[in-house]
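This chain uses plain numbering: 1 for the first residue, then up along the sequence.
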Amino acid sequence: MFNICTIIQSITKPNMQIIKATLINPVDKESIEFIEHAGIAISEDQILDYGDFTDISKQYPNIEVLDYSDLVVTPGFIDLHTHIPQYPAIGKGKGELLPWLNNYIFPLEQKFSDNNYAFKLSEAFFMKAISFGTTTLTAFSSLHNSGTKAAIDAGLKSGVNLYIGNTLMDLGEGSYKHSIDQNIEDSLDLISYIQNSKNHSVKYILTPRYAGSCSVDLLKEVSKLAKEYDLHIQTHLSENLSELEFIASLHPNYKSYTDVYLGTGILGSKTLLAHCIYLSDTELSILKQTGSNIIHCASSNRYLMSGRMNFAKYDEMNLKIGIGTDVAAGYSLSMANEMREALETSGDLYYTKKSDQLISPQRIFFSSTLEAAKILNNNRIGQLAKGKQVDLVFHKVYDLNDTDSILNQIIYGNSNVQKVIINGIERFSL
């Protein structure tokens, strides 16, 4: 698959070094830090300090300098919503969400019961994501406990920062579901499996698929488990109009799709909700009050003809918003591509007068880095700063001198990723 590049699997971490490059760093929603001749002092997996190269080299004299003056360095990208078992389905099948799931995705996900298949597919998935500059992934596995363990093993081998969960389901036609007890038993087993690995790069995240495949009782058990083990939760919300009708018929005692999650206790500051296209003002207020997080999946929304999420409106409400590639409805594991899709969706909404403002490249870059890290409550990633983890992406841009457009060159594809370092270890290099 990677005949033009090298995937690095070395576990040897470097001694103290200074990296010299042009630096782009997220600061807040509308601003980025730019240092044309930057120095980043690192020691194994930690950033010691950074700033102007002359100042850093004086502060840390007589140590090795790695000169990447012709490249731009950014923090690693953070993909907050994707599906590992769906990777082979990119571009396959059309139609809206529910028929697409039943006809293409559920049958494909069942192949994850084969551990060897699950490991090899997961390995390819992580390698591809890393090659695009993604250093942290929040991912759905399949229903299968053993297949999820194989994916965890592949994640450990790749070195990616990984939040992963087996997909929890107890409703639906056919056999692709488990009892509530089996779902919870599998979750507990995977929590133990990850803890026993003694590797902090992989974390378990509770993963109820959505309110259409989870009973109220299962969702309540997920809420209990999240509180007991202090875990994040990931699921889907308000992706498709037919889906909304289905949820209303399935859960008639609740006022809305969001109310199902509120009533079962799974909303909160550690909950990631993908899509969130069709939310009423009441539902948005619930997400605001509970501190829940919205994950924007622009390319997936377009591919399945689901609709367009109004990022600018949600941002004005100060809701927390991350970005997800949502493979396989999303067609690429590239976060740069997903940032571009989000910007173009914003432009389309503005042009059609369904939004009164545009989102900026700086805003979407923030969502893909530092804001995503905050959503994960992980203060080690998402930004280049003293004490942070050494997760670095090196980009070759067409025009390094045009400082105003360097970020746009990265987002709009006039660049390519040359090297990726995760937790101080080089994991990809052209």
Side-chain angles (χ1 to χ4, degrees), residues 80-81 83 86 93-106 140 167-173 176-177 207-220 222-223 233-268 271-290 292-314 317 319 321-322 324 326 328-330 341-342 345 348-349 352 354-355:
L80 287 183
H81 184 80
H83 297 257
Q86 296 181 19
K94 274 291 186 182
E96 293 188 8
L97 173 66
L98 298 182
W100 182 75
L101 286 173
N102 290 322
N103 295 333
Y104 297 97
I105 297 307
F106 291 163
F140 282 57
T167 302
L168 307 176
M169 304 167 63
D170 71 326
L171 300 179
E173 298 179 1
Y176 193 51
K177 58 187 175 183
T207 307
R209 187 173 214 113
Y210 79 124
S213 61
C214 296
S215 67
V216 165
D217 288 341
L218 175 57
L219 292 173
K220 288 180 178 178
V222 168
S223 175
I233 299 171
Q234 61 177 343
T235 189
H236 301 83
L237 174 63
S238 197
E239 180 176 357
N240 176 276
L241 290 173
S242 297
E243 175 203 19
L244 265 65
E245 293 176 2
F246 176 53
I247 299 301
S249 68
L250 193 63
H251 302 288
N253 296 326
Y254 292 88
K255 298 174 184 178
S256 67
Y257 197 159
T258 303
D259 192 44
V260 176
Y261 292 155
L262 178 66
T264 54
I266 70 165
L267 296 182
T271 300
L272 284 64
L273 303 163
H275 302 291
C276 297
I277 301 171
Y278 302 102
L279 295 176
S280 67
D281 288 343
T282 299
E283 290 177 285
L284 288 168
S285 294
I286 290 171
L287 298 189
K288 174 78 172 177
Q289 291 165 10
T290 58
S292 302
N293 306 286
I294 291 172
I295 312 303
H296 187 27
C297 307
S299 61
S300 167
N301 293 342
R302 183 167 66 164
Y303 182 80
L304 292 179
M305 300 170 286
S306 294
R308 296 167 295 181
M309 193 198 89
N310 195 333
F311 191 113
K313 176 183 177 180
Y314 298 173
M317 295 178 64
L319 290 161
I321 309 170
D326 196 24
E341 288 276 1
T345 296
D348 188 40
L349 287 168
T352 56
K354 294 180 180 179
S355 176

All heavy atoms of L304 vs all of A329, minimum pair found to be CD1-CB, 3.6 Å
Closest non-hydrogen atom pair between K177 and G172, with its separation: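 The pair with the smallest heavy-atom distance is NZ-O, 2.6 Å.
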Less than 4.5 Å apart, side chain to side chain, heavy atoms only: is that true for [X] and [Y]?
| X | Y | answer |
| --- | --- | --- |
| V222 | T264 | no |
| E283 | L262 | no |
| I105 | Q86 | yes |
| I294 | M309 | yes |
| L267 | I286 | yes |

Side-chain H-bond candidate by donor/acceptor type, S292 with T290, under 3.5 Å: yes
Does a side chain donor of either D170 or S215 reach within less than 3.5 Å of an acceptor in the other side chain?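 Their side chains do contain a donor-acceptor pair, which is all the 3.5 Å distance test asks for.
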Qualifying residues under ring-ring contact (aromatic ring centres under 6.0 Å, His included), relative to H275, sequence neighbours excluded: H81, H236
Tell me which pairs pass ring pair (Phe, Tyr, Trp, His ring centres under 6.0 Å) where either residue lies in residues 238-257, with sequence neighbours left out. Y257-Y261
Hey, is NZ on K288 packed in by over 12 heavy atoms from elsewhere, all under 6.0 Å?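 Yes, because the 6.0 Å sphere around NZ of K288 holds more than 12 heavy atoms from other groups.
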Answer yes or no: does atom CZ of R308 have more than 12 heavy-atom neighbours from other residues, nucleotides or ligands under 6.0 Å? yes
Step by step, work out the side chain to side chain contact (heavy atoms under 4.5 Å, CB included) result for L319 and L284. CA-CA 9 Å; L319 290 161; L284 288 168; 3.8 Å; yes
List the steps, then state whether side chain to side chain contact (heavy atoms under 4.5 Å, CB included) holds for E239 with S300. CA-CA 10 Å; E239 180 176 357; S300 167; 4.1 Å; yes
Listed by chain and number, what are the side-chain hydrogen bond (donor to acceptor under 3.5 Å, both in side chains) partners of S223, not counting sequence neighbours? K227
With sequence neighbours left out, write down each residue that passes side-chain hydrogen bond (donor to acceptor under 3.5 Å, both in side chains) with S213, or none if nothing qualifies.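 S213 satisfies side-chain hydrogen bond (donor to acceptor under 3.5 Å, both in side chains) with no residue once adjacent residues are dropped.
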Test side chain to side chain contact (heavy atoms under 4.5 Å, CB included) applied to Y278 - qualifying residues, sequence neighbours left out: S238, L241, L244
Not counting sequence neighbours, which residues clear side chain to side chain contact (heavy atoms under 4.5 Å, CB included) with N102? List them please.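 N102 satisfies side chain to side chain contact (heavy atoms under 4.5 Å, CB included) with F106 only.
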Output, in order, the C-alpha distance, side-chain angles, deciding distance and verdict of side chain to side chain contact (heavy atoms under 4.5 Å, CB included) for L279 and L287. CA-CA 10 Å; L279 295 176; L287 298 189; 3.7 Å; yes
Could you give me the CA-CA distance, side-chain angles and deciding distance for N293 and L273, then say whether side chain to side chain contact (heavy atoms under 4.5 Å, CB included) is met? CA-CA 6 Å; N293 306 286; L273 303 163; over 6 Å; no
